[in-house]
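Computed from heavy atoms alone, side chains included, the values below leave out hydrogens, waters and symmetry copies. Since we're looking at a predicted model, the values are computed, not measured. Letters A, B, ... mirror the listed sequences (proteins, then strands); counts begin at 1.
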Amino acid sequence: MILDVDIRHRQGGFALDACFQSDGRLTALFGPSGSGKTTIVNAVSGLVRPDHGRIAVQGRVLVDTKNDIVVPKHKRRIGYVFQEGRLFPHLDVRYNLLFGRWFTPRGERKASFDHVVDLLGIAHLLDRRPSTLSGGEKQRVAIGRALLADPHLLLMDEPLASLDEARKAEIYPYIERLRDEGGVPIVLVSHSVAEIARLATSVVVLSEGQVIASGPAAEVLRHTGFFAQSGLTEAGALIEARVSRHDEAYDLTVLQARAGTLSVPSLLHPVGTSLRVCLRARDIILSLKAPEGMSALNVLPGLISSIDIGEGASVDVQLDCGGDPVVARVTRKSVEELGLRPGVAVHAIIKSIAFDPEALGVTGGENM
Amino acid sequence: MEGLSPEEWTAVRLSLKVAFVAMTASLVPGVAIAFLLERGRFWGRQALDVLVHLPLVLPPVVVGWFLLIGFGRRGPIGAFLDEHFGIVFSFRWTGAALACAIMGFPLLVRAIRLSIAAVDRRLEDAAGTLGAHPVWVFGVVTLPLILPGIIAGMVLSFAKAMGEFGATITFVSSIPGETQTIPSAIYAYTQVPGGEGGAMRLTLVSIVISIGALWLSEWLARRVRRKVHA
């Protein structure tokens, strides 16, 4: 198990009671602000000492209050990328990057300086001062600094929260590469479903200090109810698709998934690239018959596997489209009028325009 | 105007020596006390704070008197140091340095303490997660960040020592060549007929030294600030 957390902690009026395990290469801690995400990563890194409980990373016990074990933070070997970078202002980029290395035992210095610098595209910044870097550059340096200390786990606390969309888009590919290289497992704190849909392999959903769901990303994201508080409209099915061709005449890119073909607004990825696509539940319409005379380009035939009745007007209809799980958020009224129930064959209709490019990630395969 | 007489040179050299020793000797305790006061959470912190600041608010003569009864030959601390370590303060230049160090100490501590308060502690946390032991964090993160404050404190302490008069003269008197610093020499000149020339010359010297110290500290602080915050 990469991460095994079972802690209780009280801080003012806030009570955290979190228990989860994760084996994901990139575990996302999701929840609205004040749900306890940062407290958990602070407890893992040693910045916060939980009142009770146990934390183990890659089998190594870091905290076990019952047995009076609390490993001090400088001995934990947990990398931490903070929301605001926290680069050392009195050191240039090179010495910021090398900072953790001084304190890493010689035999455990595995990360290659040149490789990390290359991976994050920061070679041209080495002689600069942190104050002269842009927000995106600072975060890349902060990631590099954490990696070069050869951590057993890399924590990222909303590392992109302070950046605008363009800067975020600039950093996502680096995090994807980090995840797919498989070196250091990552825990990413996020309150953006699109970000999770793009990056996470496992998801832990928190609400008011409690874990309300955890598991593989595709599994958790399909249940929109877990995201009721902050990300309801963004949740949906994660499927893997390959770029099969670019239709330049219409500015579209055609993707091939097990469920069928999907046309989406033109993407820059070359043909053959493996992508993870989030099909948001709210963007999907269900039809009993194959639609005709309609503008939507994407129609995926499938069978209803289950129906999650929630509160209010809407329900989540889980589909199996040729082996790909798809989820549609429709009204309870439609479910009754169309007679939807498990086993019924339906067509899922998705507008091409509905794809969120931010939630579209490159995968190295086996990262769903 | 003619140059300085040998006696005046002696006073200048002595003043510089006393001020330099006072500043240097109070540096490490100054940083330590500043840290205790700013970061420490212990019983009696308030009392320590008041104690450190006393020389700032007490009449210097009172501080000198305390030193005389505490560190004099027959004073409890003075007798102990003399007996066990052979260190004598009373009527020696070392006593002048002690008086100057104590008078300048609150200024030194205040300047350093302000810079410690301004340190972003999250940087220290970050250094910890990168594997740095707290002692190293202090050495390679905190210390460089508070360096401008330390320099400012050292200059204040030096300037205070150059000008210290009341506590020094009360504690160690004004013995030419041993404890007669620039201020007490100026005072001595003003007490004798025809001493105006000497008083004027020493006054000019002390102005030059003060401005020089100020300029040096500005220059150092600017260099360091550029390194730290550029």
Just one of A:Tyr80, A:Trp102, A:Phe88 clears the side chain to side chain contact (heavy atoms under 4.5 Å, CB included) bar with B:Leu130, so which one?
A:Phe88
Side chains of B:Leu123 and A:Pro89: closer than 4.5 Å at any heavy-atom pair?
yes
So, the part of B:Val137 with a heavy atom under 4.5 Å from chain A: the answer is neither
Over 12 non-hydrogen atoms of neighbours within 6.0 angstrom of CZ in B:Arg41
yes
Closest contact, heavy atoms only, A:Arg145 versus B:Ala126
NH2-CB, 3.9 Å
Tell me whether A:Arg10 at atom CZ has more than 12 heavy atoms from other residues, nucleotides or ligands lying less than 6.0 Å away.
no
Give a yes or no on whether the backbone of A:Arg86 and the side-chain of B:Arg122 come within a donor-acceptor separation of less than 3.5 Å.
no
Quick one: what part of A:Lys75 sits under 4.5 Å from any heavy atom of chain B, side chain, backbone, both or neither?
neither
Tell me if the CZ atom of B:Phe35 is crowded by more than 12 foreign heavy atoms within 6.0 Å.
yes
Set out, in order, the CA-CA distance, both residues' side-chain angles and the distance that settles side chain to side chain contact (heavy atoms under 4.5 Å, CB included) for B:Thr129 and A:Leu47, then state yes or no.
CA-CA 8 Å; B:Thr129 66; A:Leu47 298 182; 4.2 Å; yes
Evaluate whether atom CZ of A:Arg60 has more than 12 neighbouring non-hydrogen atoms of other residues, nucleotides or ligands under 6.0 angstrom away.
yes
Heavy-atom contact with chain B under 4.5 Å, split by part of A:Leu155
neither
Crowded around B:Phe66 CZ? As in, over 12 foreign heavy atoms under 6.0 Å?
no
Side chain of A:His90, backbone of B:Val140: donor and acceptor closer than 3.5 Å?
yes
Flag yes if more than 12 heavy atoms outside A:Tyr95 fall under 6.0 Å of its OH atom; otherwise flag no.
no
